[in-house]
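Residue numbers begin at 1 in each chain, while the letters A, B, ... track the order of the sequences.
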Amino acid sequence: MFSFPLFYLLIPFGLVFLLALLFFFFNIFHIKRYAIQSKATSLLMLIYFVSFGVLTALIGSYLLTVDWTEEFEPSELLPSFESSSRLE
Amino acid sequence: MICLDKLPNSQPEEVVKVFLRRHWIDLLRIFFFSFVMLLVPVAVYAIAQLGEVDLFAHPFWGPVGALVLASYLLIIFSITLTEITDYWLDVWIVTNERVINAEQHGLFNRLVSEVHLEQIQDITSETKGFLETFLTYGDVYVQTAGERERFRFKNVDNPDDVKITISELVTICKNTHQHDPKVIAPGLGAPTTSQHHPDNVKL
């Protein structure tokens, strides 16, 4: 029977993450190039970096807890949804 | 970055008199939107808990849900950042020589225009609505002699004061230039505009 590993799910997520990273750097670029020089602008950039860092760290820390090599068969997914068991 | 003391194309004795951003209520709206969007997954989780469904317990659907949540958070984060950048880069600068209008629309559309104070014919301030009246913010329109569209200072704090200040600066500028015609800047036919062309006016 056909089965697929869990890490296939990381491919679409990786695309979303890359897009978010691109937007993040576009925002930094715009601030760096067009904003008025001031302490507030420097603080804003710092907040951007810290918040993106924290979000990435939170997501990364979760991703590390999952065994992405585990394989699943499509047939076992939908029926088992109702009788979900706890991941120990 | 742009330094207020050294504006692009500035004249020797040019001094910044007014520096404006949109009112803080616009920033609050951005944070409110983000907060509401962040409540959506919390609400979904709470509803699932009420139905005694543990969304993250299943060995397959748990990680799927977590990745969807992570993607959702990244999208909300990106939208919020872009909106804040948009807010931060919308600025209006009035010097003793000119008015500079710099507006950011999203990440890929930027409009920078400037008009010499001598060209200004009419200044209008507008405050409408309960919140605008209560928090004293609104729009200021600066109309030039040409047929170009008028400048709009969007949602600035104390629009009446801004209008009065610009009016005074216009009067002073016109009087100065009447007595000293050499001071008049070249190319006063129409306001200059650069759309998405940062090399013209680097703002």
Bottom line for B:F60: the part with an atom under 4.5 Å from chain A's heavy atoms is both

Note: vs chain B, highest number of non-hydrogen pairs under 4.5 angstrom among A:T41, A:L19, A:V66 is A:T41

Ranking A:Y48, A:Y62, A:F52, A:F17 by heavy-atom pairs under 4.5 Å to chain B gives rank one to A:Y48

Is the distance between the ring centroids of B:F77 and A:F23 less than 6.0 Å?
no

Sidechain-backbone polar pair: B:Y141 side chain, B:F151 backbone, donor-acceptor under 3.5 Å: no

Bottom line for A:L9: the part with an atom under 4.5 Å from chain B's heavy atoms is both

If one checks every heavy atom of B:I84 against chain A at 4.5 Å, the contacting part turns out to be both

Are the side chain of B:Y72 and the backbone N or O of B:M37 linked by a donor-acceptor pair below 3.5 Å? yes

Residue pair B:V156 / B:Y137, side-chain heavy-atom distance below 4.5 Å
no

Interface check, chain B: of A:L21, A:L58, A:V16, A:L22, most non-hydrogen pairs under 4.5 Å belong to A:V16

Honestly, the part of A:I31 sitting under 4.5 Å from a heavy atom of chain B is both

CD1 of B:I120 to CG of B:L117, rounded to nearest 0.5 Å, is 5.0 Å

Margin query: Check whether B:W88 reaches the backbone of A:L44 with its side chain - one donor and one acceptor, N or O, closer than 3.5 Å.
Written below: no

If one checks every heavy atom of A:F4 against chain B at 4.5 Å, the contacting part turns out to be side chain

>> I'd like to know whether the aromatic ring centres of A:F26 and B:F108 sit less than 6.0 Å apart in this structure.
In response: yes

Bottom line for B:L89: the part with an atom under 4.5 Å from chain A's heavy atoms is side chain

Whatever's closer than 4.5 Å to a heavy atom in chain B on A:T56 counts as neither

